[in-house]
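One structure is given below, encoded as structure tokens.
Values in this document were obtained by computation on a predicted structure and should not be read as measured data. Labels below follow one simple rule: chain letters A, B, ... track the order of the sequence lines, proteins then strands, and each chain is numbered from 1. Below, each value reflects all heavy atoms present in this structure, side chains not excepted, and no hydrogens, waters or symmetry copies.
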There are 2 protein chains.
Amino acid sequence: MTPAGAAPAGLDATLRALADPTRRGVVDLLRDGPRRAGDLALALGATPPAMSRHLRVLRRRGLVSERSHPDAARVRVYRLEPAPFAELGRWLAAVEALWSEQLESFAAHVQRREGQT
Amino acid sequence: MTPAGAAPAGLDATLRALADPTRRGVVDLLRDGPRRAGDLALALGATPPAMSRHLRVLRRRGLVSERSHPDAARVRVYRLEPAPFAELGRWLAAVEALWSEQLESFAAHVQRREGQT
DNA sequence: GCAATATTTAACTCAATAGATAACTAAATG
DNA sequence: CATTTAGTTATCTATTGAGTTAAATATTGC
């Protein structure tokens, strides 16, 4: 069901991870492909320690994964992991599915609200 | 109603608003239609003040709007507003669009990484 | 007008989180 | 090997933000 090892930690963890502009910047940059940690820090104007912490958050939430650079083991390359985004997408789709249903069931809600009042 | 000026406050605000389980619970409940503030508080096990604060956050981010109950002006009815969800959906789609592209452009990244090393 | 109801605002406390600097680990390079 | 390079961890501080109780506002009903 879930890719081996990288279990998405749930919607809450995903949304908390994405609710930070720097981390969302990381995601946006990784859209174009894997990148090194230092590269990300430089591109987003973050100090290396700050970026390292952001990457740790993203990693623990399963939004990114880390590998060593094939030609330089001290360089760490990060890439996006699809599972948490897919989970978020499903939730969002379920919410958005309602803009049509909401009109349909409007009468029922009026009834319910009046029953409660 | 969303006053014409209350544009969705951006992805950051939307994601911060959704990065809370109670507020996400509100969204899930409002999927089924508009509901009263006190109803939401009761359903989610939150005290009225806590719920009021959560609703204020959601309102200021443009995720929900508030009206008075037609038959009882002291009752406030909340409903979902689609715009911020649509914005989030577009961003998410852009991110997810990459699972295919990422494979395509893989060779280019290898090249770029080797150029940097 | 007076009490009850629905909800919000205020003031406070507490925990979680982000940023900065410094110290540390590991790997490439001379 | 000593040094530079890449990145992470440690520690501290400051800010944000969520919950609580009490008070305030507004509306309905007697």
Atom-to-atom span, [atom1] of [X] to [atom2] of [N] - whole angstrom:
X     : N      : atom1 : atom2 : result
A:R16 : D:dT16 : CZ    : P     : 19 Å
A:D71 : C:dT29 : CG    : C1'   : 16 Å
A:L42 : D:dG7  : CG    : C1'   : 14 Å
A:D12 : C:dT17 : CG    : C1'   : 14 Å
B:R60 : D:dG17 : CZ    : C1'   : 12 Å
B:R61 : D:dG17 : CZ    : C1'   : 11 Å
A:H69 : C:dA28 : NE2   : C1'   : 13 Å
B:R36 : C:dT5  : CZ    : C1'   : 10 Å

Review point. Taking OP1 and OP2 of C:dA6, is either one under 4.0 Å from a side-chain nitrogen or oxygen of B:Y78?
Key: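 No, B:Y78 has no side-chain N/O under 4.0 Å of OP1/OP2 on C:dA6.
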
Taking the minimum atom-to-atom distance to the side chain of [X], which one of [options] wins?
X     : options               : value
B:V75 : D:dT8, C:dT17, C:dT7  : C:dT7
B:T47 : D:dT21, C:dA6, D:dA18 : D:dT21
B:S52 : C:dT8, C:dT17, D:dT8  : C:dT8
B:R23 : D:dA18, D:dG7, C:dT9  : D:dA18
A:R76 : C:dT9, C:dA18, D:dG7  : D:dG7
B:A73 : D:dT28, C:dT7, D:dG19 : D:dT28
B:H54 : C:dT7, D:dG19, D:dG7  : D:dG19
B:R74 : C:dT8, C:dA4, C:dG19  : C:dA4

Check your understanding: Is any side-chain N of the basic residue among A:R16 and A:D12 closer than 4.0 Å to the acidic one's carboxylate O?
Key -> yes

Practice item. Taking all non-hydrogen atoms of both residues into account, name the closest pair between B:A19 and A:A19 and its distance. Key: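 Residues B:A19 and A:A19, closest heavy atoms: CB-CB, 4.0 Å.
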
Review point. Given that B:G38 and A:A19 both sit by DNA chain C, which one's nearest nucleotide is further toward the 5' end?
Key: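 Comparing both residues, the 5'-ward one is B:G38.
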
Would a 4.5 Å heavy-atom cut-off, applied to side chains only, mark [X] and [Y] as touching?
X     : Y     : result
A:M51 : A:L42 : no
A:Y78 : A:V26 : no
A:L18 : A:L63 : yes

Point to revise | Residue whose closest nucleotide on DNA chain D lies nearer the 5' end, B:R53 versus B:P49 | key: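 Residue closer to the 5' terminus by nearest nucleotide: B:R53.
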
